[in-house]
Structures are given as structure tokens and as C-alpha cells.
Enquirer: 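Submitted below is the structure of interest, expressed as C-alpha cells.
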Amino acid sequence: MAITGTDINQAAAVLKAGGLVAIPTETVYGLAANAFDGQAVLKVFTAKNRPSFDPLITHIARPEALAPLVTHIPATAQALIDTFWPGPLTLVLPRSAKISDLVSSGLDTAAFRMPRHPLLQALLTRLDFPLVAPSANPFGYVSPTSAAHVSHQLGNKIDYILDGGPSKIGVESTIVRCTGRQPEVLRLGGLAVEDIEAAIGKVAINTASGSRPSAPGMLLTHYAPAKELLLGNIEELLGENPQRKIGILSFRKKYPGYPNFVLSAQGSLTEAASNLFAGLRWFEQQDVELIITEKVPDTGLGRAINDRLNRASR
Ligand code: TXA
Ligand code: MG
């Protein structure tokens, strides 16, 4: 079983030795390995049961660490870096030979992120290599937003869990591809599209998912909670499913008489995002067979929340 603690020296020692460490980020917890150590990277795929066609994000300590890992930095990417790093933004860029085929799944691009979480920043600055880190959940499952979530699902497969408290943002980073003429959002996430557009102008949204999505991890069956989930109008769904043991995941309204998780009683989308994955997991401990839920307002972080609920509901 992994040890959970706050010791960055121990975390650094494990990573230098080619082991796996779960790391806190402001979005969700990641499962980290030395990006330059092929054996260590392979362990990440194995521990997560992740298919090798799904490329990893490389996490760096400072913006200057990016240059050797890419062939060039397009102007829009530089503007996004200047405005939003460190933060919940991942950039897909043309990669250099320093990023392996294993990390990039053989694509000629790769994903990069500079996270803001202070404990992770302290760890990254102590290492002379970047960290690959997918979300620290078994493939296809909702991402962990606490050390306990990681321990519960992957504790026997990793060496150390660095506990940085509950993830502040609670949904994964927004992914923007900056390789063509116009930047494209490949995954809605913790940085709102409105904020990106305020910085660099209109961006294309290309999160269409299916069996061949442009971010290979964005399969329709992704983010599945362990129980069936229906997304729609809560009162109508209640009427349509009279015989079933129902739990309700609501945005702000309380539903007394049902196992009910309210994402944000005050109607804050930021708070709702930070509670979303813990909320989906909460129903596992409840005596319910069907979770019914509703969309939140489709602005700001609400777009990322609705995207995850949509995927979880199929
Ligand atoms: O917030 C986050 O981004 C978290 C934390 C730990 O940093 N990480 C995360 O990693 O969500 P992961 O592996 O669960 O999701 C990364 C996504 C996948 O959908 C993958 O397909 C996509 O990034 N991706 C990686 N490289 C790509 C590339 N070259 N082109 C398009 N999509 C890429
Ligand atoms: Mg993931």
C-alpha cells in the first residue's frame, strides 16, 4: 500500500528511482513518473490500465523548461503561457525528440502543462526532469480530487501519495492545441473558454468525442461513475423512474427524502466544479442504483461540468 504524506524529499527520491508518485495539482491528482525514464513511464500505463494510444501530459516547473521539449512555440501559445501559466491550461504543441513515442503515443505533437499547486511546484523544482502525469484514476473512471480517492483506487500500485489537500479547481485542465492556424480547445476544463478568448481572441472548440476524438482520452464512455447516471430535468426523471432506488446530484436545490448531493447551494459554478467528482463518488457509498442529475448553467466552468456530466451519462 502506498504511504500518504507531505514529504517532497521522499516523493523526489521515489521519482528519481523510477517509481510512481501520486501528485496534487490544482485541477485533479496526477499519477507521476520521470518523463525521461521509459520504464517509469510504462509503469504509469500499466498502473492505470491505460491504452498506449492515449498520450500523456508532461508537467514542467517553469515556462523556460518548455523550449527543449518542442520544435517551436507559436505566438498564440506564447501568449497563453504568459497569461495563464502556472495554471489549469495544457497546451498541445509540436514536440521535439526529447519527448518519447511512448509519452506522445507516436504523435508528432505532445501536451504540456505548468501547474500552480505550491507543493507540486516545490517538488518539480527539486527534479532535473519533467513529470508525465495522467489523472490518478483507473482508465475510464472519474478523476481523483483528494489523496484518499487515489489511495482507494490505486493505492496498491504506486509508491507514494503526496497529499496536497483537496484539489481546488476539481476538473481537469483545459487543453488547447496550438499547431494549426487557429488554436483549438480539445478539452473543456478548469480554465474557462471565455478567459482564453479574452486573452487571444476567438478559439475553435473541438471536443467532439467518439471512438476517434482529437484528444484521444476523450472517449464517450469516459468519466463513468460506478452507477448508471441520467442527465436531464430532475423532476421529469423522477416521474419516469418510479420503481428505482434513486440518488440525486443537483446543482443548487435540495431534494429531501433522497440521497442527495448538492454541488453548490449558493449556485457557484466554481464551487460546483470543485465538488463534482467527490459528488459522483459519494453515490458509491449510498444505497442507490440510479443517479439522476441536471445540467448547470453553460458558462465559465459550467461548460466543463456539463461536458463531464454528458460523458458520465452514456
Ligand atoms: O488537469 C489535468 O490535465 C490532469 C493533471 C494531473 O495534470 N491530467 C490529466 O491527464 O487530465 P489525462 O492523461 O487524464 O488527460 C490528458 C488528455 C488525454 O485526453 C489525452 O488524450 C490528451 O490529454 N492528450 C495528450 N497529448 C495529446 C496530444 N498530443 N494531442 C491531443 N491530445 C492529447
Ligand atoms: Mg484522465
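Counting convention: from 1, in listed order, for ligands and their atoms alike.
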Enquirer: Would you mind running through ligand 1 and noting each atom that sits below 4.0 Å from a heavy atom of P134?
Expert: 10 (O), 12 (P), 13 (O)
Enquirer: Where do S173 and T90 land on the side chain to side chain donor-acceptor pair (under 3.5 Å) test, with the steps shown first?
Expert: CA-CA 6 Å; S173 60; T90 294; 2.7 Å; yes
Enquirer: Could you tell me whether some N/O pair between R187 and ligand 1 is separated by less than 3.5 angstrom?
Expert: yes
Enquirer: How many angstroms lie between CZ in F261 and OG in S250, if you round to the nearest 0.5 Å?
Expert: 9.5 Å
Enquirer: Mark the output for H59 as yes if a heavy-atom distance to ligand 1 is under 4.0 Å, and as no if none is.
Expert: yes
Enquirer: Find the distance between CG (L124) and CD1 (I23) and round it off to the nearest 0.5 Å.
Expert: 6.5 Å
Enquirer: Short list, please: which atoms of ligand 1 are under 4.0 Å from a heavy atom of L186?
Expert: 31 (C)
Enquirer: Does ligand 1 come near enough to Y29 that some N or O of the ligand is less than 3.5 Å from an N or O of the residue?
Expert: no
Enquirer: Of all heavy-atom pairs between G300 and A192, which one has the smallest distance, and what is that distance?
Expert: CA-CB, 3.8 Å
Enquirer: Measure from atom 18 (C) of ligand 1 to every heavy atom in D54, D108, L131, L56 and give the option owning the shortest one.
Expert: D54
Enquirer: Would you say A110 touches ligand 1, if touching means a heavy atom closer than 4.0 Å?
Expert: yes
Enquirer: Between atom OG1 of T27 and atom CZ of F277, what is the distance when rounded to the nearest 0.5 Å?
Expert: 9.5 Å
Enquirer: One thing to verify: whether R95 and D101 come together as a salt bridge, which I'm taking to mean a side-chain N less than 4.0 angstrom from a carboxylate O.
Expert: yes
Enquirer: Which residue from P115, A133, G30 reaches closest to atom 8 (N) of ligand 1 through any of its heavy atoms?
Expert: A133
Enquirer: Using a strict 4.0 Å cut-off to heavy atoms of T109, name the atoms of ligand 1 that fall inside it.
Expert: 28 (C), 29 (N), 30 (N)
Enquirer: About how many Å separate OG1 of T145 and CG of N137, when rounded to the nearest 0.5 Å?
Expert: 10.5 Å
Enquirer: With heavy atoms of R50 as the reference, note each atom of ligand 1 found under 4.0 Å away.
Expert: 12 (P), 13 (O), 14 (O)
Enquirer: At less than 4.0 angstrom from any non-hydrogen atom of P55, what atoms of ligand 1 do you find?
Expert: 20 (C), 21 (O), 24 (N), 25 (C), 26 (N), 27 (C), 33 (C)
Enquirer: Give the numbers and elements of all ligand 1 atoms closer than 4.0 Å to a heavy atom of T27.
Expert: 1 (O), 2 (C), 5 (C)
Enquirer: Give the intermediate values and the outcome of salt bridge (charged side-chain N to carboxylate O under 4.0 Å, His left out) for residues E172 and R308.
Expert: CA-CA 10 Å; E172 300 86 350; R308 303 306 184 267; 2.9 Å; yes
Enquirer: May I ask you to check whether S143 brings an N, O or S atom to under 2.8 Å from the Mg ion (ligand 2)?
Expert: no
Enquirer: Does the structure place the NZ or CZ of K295 under 6.0 Å from the centre of the six-membered ring of F251, at an angle of no more than 45° from the ring's axis?
Expert: no
Enquirer: Check each of V28, L31, T25 against S135 using the side-chain contact (heavy atoms from CB on, under 4.5 Å) test, and report the only one that passes.
Expert: V28
Enquirer: Give the single entry among A22, A136, S135, G190 that approaches atom 14 (O) of ligand 1 most closely by any heavy atom.
Expert: S135
Enquirer: If you measure from each non-hydrogen atom of E184 to ligand 1, which part falls under 4.0 Å: side chain, backbone, both or neither?
Expert: neither
Enquirer: Which ligand 1 atoms does S173 reach within 4.0 Å, using its non-hydrogen atoms?
Expert: 1 (O), 2 (C), 3 (O)
Enquirer: Could you tell me whether E271 and R252 have a side-chain N and a carboxylate O separated by less than 4.0 Å?
Expert: no
Enquirer: With a 4.0 Å heavy-atom cut-off (strictly under), which part of I23 contacts ligand 1: side chain, backbone, both or neither?
Expert: neither
Enquirer: Under 3.5 Å between any N/O of T25 and any N/O of ligand 1: does that happen in this structure?
Expert: no
Enquirer: When you look at V288 and Y258, which way does the side-chain contact (heavy atoms from CB on, under 4.5 Å) test go after all the steps?
Expert: CA-CA 9 Å; V288 303; Y258 292 92; over 6 Å; no
Enquirer: Below 4.0 angstrom from a heavy atom of I57, which ligand 1 atoms are there? Numbered from 1 as shown, please.
Expert: 3 (O), 8 (N), 9 (C), 10 (O), 16 (C)
